[in-house]
Protein chains: 4
Amino acid sequence: MLSIQITTGSDVPIFRQIVEQVRAAIACGKLSVGDPLPSVRALAAEIVVNHNTVAKAYAQLIRDGIVESHQGRGYFVAERREIFTKAERTRRVNVMIQPLVSEAALLGFSGEEVLAMVEKQFSKMVASNQGNR
Amino acid sequence: MLSIQITTGSDVPIFRQIVEQVRAAIACGKLSVGDPLPSVRALAAEIVVNHNTVAKAYAQLIRDGIVESHQGRGYFVAERREIFTKAERTRRVNVMIQPLVSEAALLGFSGEEVLAMVEKQFSKMVASNQGNR
Amino acid sequence: MLSIQITTGSDVPIFRQIVEQVRAAIACGKLSVGDPLPSVRALAAEIVVNHNTVAKAYAQLIRDGIVESHQGRGYFVAERREIFTKAERTRRVNVMIQPLVSEAALLGFSGEEVLAMVEKQFSKMVASNQGNR
Amino acid sequence: MLSIQITTGSDVPIFRQIVEQVRAAIACGKLSVGDPLPSVRALAAEIVVNHNTVAKAYAQLIRDGIVESHQGRGYFVAERREIFTKAERTRRVNVMIQPLVSEAALLGFSGEEVLAMVEKQFSKMVASNQGNR
DNA sequence: GTGGTCTAGACCACG
DNA sequence: GTGGTCTAGACCACG
């Protein structure tokens, strides 16, 4: 059973929290290809958010190509396919790394310190994903 | 000569693109302490945005303590001084790392790959710093 | 209920008057951690200024780390955290003391008189703080 | 001979630096009632600023009632007279003290610390005035 | 010609 | 209904 945890008061919009948790559930095998997602209204009721918010998250997942909608039957985990080229994915990450590097340097951090911080947050994320299993 | 490239239609606001590019220019040594920034109106004309947008970006840089304004004369790269506590500086870097890590994971990158990309951009910044000396 | 009084035609910009009054309200305990600030548009309507002017004031308060914004929900008084180094905090206070001392001297006040006035306002703030507890 | 020292790159506008130094010269007895001030153009040439800037400073001194212009003859130190009531002068100083007190409190300074800082800047100002004699 | 502030009004994101 | 961003344009201060 898919369980979604919402943190209001976070900087991350609710719809994005839903997207990320569904993706994490698929990535870690909790949801497999062809599995149904909870209906928009059921999930909205369960996590107590506006159903438009859930619909928006599902729309995003469809745009990302990892969920499919079958008219009248609901949403299902889609066959895995790559939608972005490697170059495009690399570009998107680098766009976020560049300001991080400038900011960290101006704040007086060394490259090693930043690498350590990145590694730490990666581990933290993995740990919290495990917690969802 | 500082050249700013603006991407309209990006999800990164224009004023933030300006802030990031000025910061990058200072971090990598393209701009040094005491150097003037382009005037608000001149830069606004050059990149074809409203002058208020440039002023907003410059105000942000002032708050971060890396630029100074002298009434009637313009903006200049400020003497470096530590204005934030260690905890605040760490917090600020982590605020930028968190979405990076999350986005990279969604795009299918491993922690190692991201670390390598961060390291690479750090080296690039240092290298261009040398080139400008 | 936070009430802001604006003096137009003063040499103090409107946005700064807002900043100062919100700061005073927080400093003296009229507003506590977690309390919501009036919404940008509501305050703008109440004091009859443009919403951008209120937004600018609130942005300033965020940069100073004493207020937080939660997308779609509004602005709230932030948990107190030290974001500035001792040197920076001292510098900021001195930046405010310098014109005060200069102006007071021009108006014919002695150092003792100014000290007495500063002390009085400090007591007043503490007193109203107690009143609000 | 009246000597004015201008610091460009300060936050204090040049015209205000002139005003303050003329006032200081009068306050400390270097200039007495009836003494002539340097002509606008002579002073402008000496301190290398635009003559409009000097004219503006002199206009301010006239508004403040401490200098008089005698058409065609120049500017002279006026008979001392009070232009602001005590209440008004007090009000003006308090307007500057109030934000100082809030800001200092939010930055974590005690009343004693602020008083010490105010006293220090007062002494510094007096010392620099003596230096002008 | 520099920066600083403000308004009126628009359009977007989130929910 | 919240906040966030941007434009067009105005008017002021300083020099």
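Note on naming: letters A, B, ... go to the chains in the order of the sequence lines (proteins, then strands), and numbering restarts at 1 for each one.
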Find the distance C:Ile47:CD1 to E:dT7:P and express it as a whole number of Å.
9 Å
Judged by modelled atom types alone, do C:Ser102 and D:Glu20 share a side-chain donor-acceptor pair under 3.5 Å?
yes
Expressed in angstrom and rounded to an integer, what is the separation of B:Glu68 atom CD from E:dG3 atom P?
14 Å
Donor on one side chain, acceptor on other, D:Asp64 and D:Gln60, under 3.5 Å:
yes
Expressed in angstrom and rounded to an integer, what is the separation of B:Leu37 atom CG from E:dG4 atom P?
12 Å
Could you tell me the separation between the CD1 atom of C:Ile62 and the C1' atom of F:dT5, rounded to a whole number of Å?
14 Å
Is any side-chain N of the basic residue among D:Arg16 and C:Glu103 closer than 4.0 Å to the acidic one's carboxylate O?
yes
Taking all atoms of both residues into account, what is the closest heavy-atom pair of B:Ile26 and B:Ile66, and its distance?
CD1-O, 4.1 Å
What integer distance in Å separates B:Ile18:CD1 from F:dT5:P?
13 Å
Rounded to the nearest 0.5 Å, what separates atom CG in D:Leu61 from atom CD1 in D:Ile18?
9.0 Å
How about CZ on C:Arg81, more than 12 heavy atoms from neighbouring residues, nucleotides or ligands closer than 6.0 Å, or not?
yes
From CG (D:Leu107) to CZ (C:Arg91), nearest 0.5 Å:
10.5 Å
Please list every stem that involves DNA chain F, where a stem is a run of 3 or more consecutive Watson-Crick or G-U wobble pairs with both pairing distances under 3.5 Å.
E:1-14 with F:1-14
Value for NE2 (B:His70) from OH (B:Tyr75), rounded to nearest 0.5 Å, stands at 11.5 Å
Go along nucleotides 8-15 of chain F 5' to 3' and tag each nucleotide: B for a protein heavy atom under 4.0 Å from its base, S when only backbone or sugar atoms are that close, - otherwise.
BBBB--SS
Please tell me which of C:Val48 and B:Ala42 maps to the more 5' nucleotide of DNA chain E, matching each residue to the nucleotide holding its nearest heavy atom.
B:Ala42
Quick check on E:dT2: is either OP1 or OP2 less than 4.0 Å from any side-chain nitrogen or oxygen of B:Tyr58?
no
